[in-house]
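The structure appears below as structure tokens.
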Amino acid sequence: MTHMHIAGSIHADVAQGGPHWLTMPSDPMALQHRLWPEGTVRDREGRITVGGLPLTEVARQQGTPVYVIDEADFRSRARAFRDSFTGWHVYYAGKALLTRSIARWVAEEGLGLDVTTMGEMHIALAGGMPAERLGFHGNNKSLDEIRFALGQGVGRVIVDSFNEIDRIERACTELGAVARVLVRVTTGVEAHTHEYIATAHEDQKFGLSILGGHALAALVRCQSSPHMELRGIHSHIGSQIFETHGFEVAIRRTLRLAEQFRAATGVELAELDLGGGFGIAYTEADSPKTTAELAQAFEEILDHECRGFQMARPQLSIEPGRAICGPSGVALYEVGTVKVVELENGRSRTYVSVDGGMSDNIRPALYAAEYSCALANRSSDAEPVLSRVVGKHCEGGDILIRDVFLPRDIAPGDLIAVPGAGAYCRSMASNYNQLPKPPLVAVAEGAVRTLLRRETLDDMMRLDVGE
Ligand SMILES: *Cc1c(COP(=O)(O)O)cnc(C)c1O
């Protein structure tokens, strides 16, 4: 694609082979507000400052790589969901990022929390999240996990299979408990960023299919079980979604299912959970709706659809993960090497290697997720050059940021900050190449606190029992 471009903005694909949305920044040191935690600025010395603290100071105290989470920003995003979605239940999806402190923040802000494993349940409870505000998810919950959840008095179990119904009944019989359940259904809607597909195709591991009649059968079975209190239907259509059309189709299909259930049993379902998946800005190409705009769009869809089905509005829930913790987090790396690589067409690309990579952020390698970054320890008036930020792992695909403009004078020892790194980075981290996992620190009012300390070689050697 070639366009005439306005002065000062050279399209990267024209200039050097970057994606069409990436433009040469007119002020390469300017921070794009919507990508960063609220209040992130460059101070007079040009250092990026998050939560009142220069990132150079975080690096000095904690080393690199390090994940930095702005506590006030996290809390205000959690509150925004609670306040905008009035009357709804909001569950924070703990898989996006979970520590004991984070569970406490979520509890203090009045949200519930979704967990999927024994590990997530333990962290959530240890952080002070009341069991009755936990939602227990997963397509393969073990009998032990179900026993533990029900023994703790977990608020609701989101049922995902007939085998699981058997296990819940068994655990309830043993414990003399009654499980409050929602049935997770597949609506045939699959959404990602600006696009969604709504088809009859439900070929995936989660949930029970509406089309195949499995969802209705599961609802009927839960309703008739003495061990379960059936609350309603759950649907989660995808992740990093910007538009509400996919949700609209999912709402229509779940309400139609509720109507079928009513026709079969005479029972009106009390609750509808629409899952999570609300998109955030990772690069300048992303412009997500505000939480208030989302809430308003959902309200309108629900009013319209419930009227259509002549149904009372059920109790509604949502489960944002990324949209709460993603923009609150920044990953900070130190540059180790800079290499200019000549391309066939006479152009060149600058490879900037940092001291982490796919072990601390697998998303670009796993599903081509896009990020952006900025020079964090100083400002520079050097010319911006199209660069690629890569990790230190033994994989050609160990790319953190495929295309970004960085100043030509970037050098070993410089710090690079990656916004949007609060979600699905630390929680998906590995020890590939025997790299210890980076710490997660919270910044608030100019001070740093360690939420997760850095893994050490001693930690790793302790696991390697060597028998
Ligand atoms: C992953 C997940 C979420 C959260 O998704 P985000 O994209 O982080 O908002 C919510 N509900 C369910 C069932 C999920 O699997």
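Read the numbers this way: they start at 1 and go in the same order the structure lists the ligands and their atoms. No experiment lies behind these values; they were computed from the predicted model shown.
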Legend entry - Plane angle bin for W105 and F74 - parallel if under 30°, tilted between 30 and 60°, otherwise perpendicular: perpendicular

Legend entry - Shortest protein heavy-atom distance from atom 7 (O) of ligand 1, along with the residue and atom involved: S239 OG, 2.5 Å

Inset, instruction - Pick, from E319, H234, K95, Q240, the option with the minimum heavy-atom distance to atom 14 (C) of ligand 1. - result: K95

Inset, instruction - For Y424 and ligand 1, answer yes if some heavy atom of the residue is under 4.0 Å from a ligand atom, otherwise no. - result: yes

Legend entry - Ring centres under 6.0 angstrom apart (Y333, Y67): no

Inset, instruction - Please indicate whether any nitrogen or oxygen in G321 is less than 3.5 Å from any nitrogen or oxygen in ligand 1. - result: yes

Inset, instruction - Please check if atom CD in E190 has more than 12 non-hydrogen atoms from other residues, nucleotides or ligands closer than 6.0 Å. - result: no

Legend entry - Numbered atoms and elements of ligand 1 in range of H137, under 4.0 angstrom, heavy atoms: 13 (C)

Inset, instruction - Could you tell me whether R322 and ligand 1 have an N or O pair separated by under 3.5 Å? - result: yes

Legend entry - Under-4.0 Å salt bridge between R156 and E319: yes

Inset, instruction - Give the ring-plane orientation class for F85 versus F81, where under 30° counts as parallel, over 60° as perpendicular and anything between as tilted. - result: parallel

Legend entry - Side-chain ion pair, R313 and D303, N-O less than 4.0 Å: yes

Inset, instruction - List every atom of ligand 1 that sits less than 4.0 Å from any heavy atom of G277, numbering the atoms from 1 in the order shown and giving each element. - result: 5 (O), 6 (P), 7 (O), 9 (O)

Inset, instruction - Could you pull out the closest heavy-atom pair between T244 and A297, with the gap in Å? - result: CG2-CB, 3.9 Å

Inset, instruction - Using a strict cut-off of 4.0 Å, indicate which atoms of ligand 1 neighbour a heavy atom of R184. - result: 13 (C)

Inset, instruction - For G276, take its heavy atoms, then give the atoms of ligand 1 lying under 4.0 Å from any of them. - result: 9 (O), 10 (C), 11 (N)

